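Predicted, not measured: the structure shown is a model, and the values here were computed from it. The figures that follow rest on heavy atoms only: side chains count, while hydrogens, waters and symmetry mates do not. Position 1 is the first residue of the sequence, and the numbers go up from there. Counting convention: from 1, in listed order, for ligands and their atoms alike.
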Amino acid sequence: MTTEEISQKLKAQDEFFKSKQLDDLDFRIEKLKALKSEMKTQEKAIIEAIYKDFRKPEFEVLSNELFVIYKELNLFIRCLKSWQKPKSVSSAWLNFPSKDKIYRVAWGKVLVIAPWNYPFQLSITPLIGAIACGNTVVLKPSEYAPNTADILEKIIENVFDHKHALVCQGAVETSKNLLNQKWDYVFFTGSVPVGRIVSQAIAENMTPHTLELGGKNPCIVDETANLEVAAKRICWGKFLNAGQTCIAPDYLLIHSSLKTEFVKKLIDTLKTFYQSNFENNPDYAGIISQKHFDRLVEFLKNEKLIFGGESNAELLHISPTLVDAPDFDSKIMEEEIFGPILPIYTYENFEEMSEIIKRFDKPLSLYVFSTNKSNIEKVNHEFDFGGGVINDCIVHFVNDKLPFGGVGSSGLGNYHGKHSFETFTRQKSIVHRKNWLDIPVKYPPYNQVKLFKKFMNFFR
Ligand code: NAD
């Protein structure tokens, strides 16, 4: 879409928003229902599209793309009317008599920029929140998942008029053109460097925004962990989507006394999960593109491999790989791995483990496998991160009661469920004063200074 075309479409969205038609809650709920029904109709096409993009297994599409979206849609359809009700708060006695309320108001025109790794879910979930709250939306899906982008465009076209929501496909230039427009809210999911670019681009208009970014997520296995369960849960969380998950464990920290035993358990688990057939396994995703494949293969050069390391450039396949303690200044540790490679470090004590974690920016997630209450509390207290799980990984994502987002360089703001409602609306405070009493002290001429000073003594 050219800049001119984008401007035209946005003008139409602006007029539609200003027409106040979106204040009609029933209309918004009908649209959510229509989106749900269209998704049901297109389910097979969605599964096929994501498979074409990077061989994502059907079960993974059903469970972590479609299921979570249906859950989110159902929640908004069920709760929107009650969430939208103005909230009465007690009034300040200085304003007596009055009634005070907080209203939730849509921002207006929302831009959603999405990544490729959960290409459907990470596009539609923010769109649901934005639409439900009464905004208009332009969605820019990732150019790396073109088949998913096509089906997204088809679904949105079938449900919404362009003046309400539309998909704008394209790569970096399109994204930049979109960011040059004036938005009322921008919701970006992607990498830390691009998040920084987005923030700078919209700073000119002081546009409110959410940044859902990434980072290096530590996964700690302490000397009290249940190794059997930990091995399964870590292999699942790391190698789901072939490691291309923002909240996947990035590296493992294991108490030195358990390393040999635990590594054996990890390898056994991987062999069981994938029946020792990694390359042609329908339950194991591919890498999204040649560029991403080359980057990951480069990471493995000169590293000490414990397991895996096989790759096939034609298939864009990299097998689940365990790497022994890479140097902290090696390429693999310089950035978020975002692939099926798990570096393993050992530690002797809490201080040593803490020193490793604190080398990196605040992560999006942190995981600790432990059965010792004080160890768990110490970890939770010591480190700052977006969200975490004790004795599992990834699963905090599925509870829509928990706000999902990062901190520092791993993100700004959060969403999911009611938190999405809060993200895609702003609070508007209204004090409704009554006319039957009007104490004159505050009006000029100010001849009550002495009295006011006495009154202030209660606060000093
Ligand atoms: P990315 O930052 O490369 O791209 C994300 C989006 O930004 C795409 O739509 C892309 O077209 C656009 N974009 C790229 N360069 C741009 C530029 N210079 N200016 C404007 N727009 C630009 O990210 P990705 O590779 O698609 O996704 C992987 C990253 O996203 C990882 O870092 C991962 O941790 C993060 N991520 C975070 C979450 C989360 O919820 N916190 C979820 C998924 C992925």
Going by side chain to side chain contact (heavy atoms under 4.5 Å, CB included), name the residues that satisfy it together with Q200, two or more places apart in sequence or in a different chain.
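Q200: side chain to side chain contact (heavy atoms under 4.5 Å, CB included) contacts with R196.
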
Any idea which residues sit under 4.0 Å from ligand 1, heavy-atom distances?
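Contacting ligand 1 under 4.0 Å are I113, A114, P115, W116, N117, L122, K140, P141, S142, E143, V172, S175, K176, L179, F188, T189, G190, S191, V194, I197, E212, L213, G214, C246, E336, F338, L364, F404.
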
Please state whether the rings of W116 and F338 are parallel, tilted or perpendicular, taking 30° and 60° as the class boundaries.
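It falls in the perpendicular class, over 60°.
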
Classify the ring geometry between H396 and F404 as parallel (under 30°), tilted (30 to 60°) or perpendicular (over 60°).
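Tilted.
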
With ring centroids as reference points, do F239 and Y284 lie under 6.0 angstrom apart?
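Ring centres of Y284 and F239 not closer than 6.0 Å.
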
Taking NZ, NE, NH1 and NH2 as the nitrogens, is one of them in R359 or E355 under 4.0 Å from a carboxylate oxygen of the other?
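So R359 pairs with E355 through a salt bridge.
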
Salt bridge (charged side-chain N to carboxylate O under 4.0 Å, His left out) for K9 and E5? Distances and angles first, verdict last.
CA-CA 6 Å; K9 302 270 183 203; E5 283 165 335; over 6 Å; no

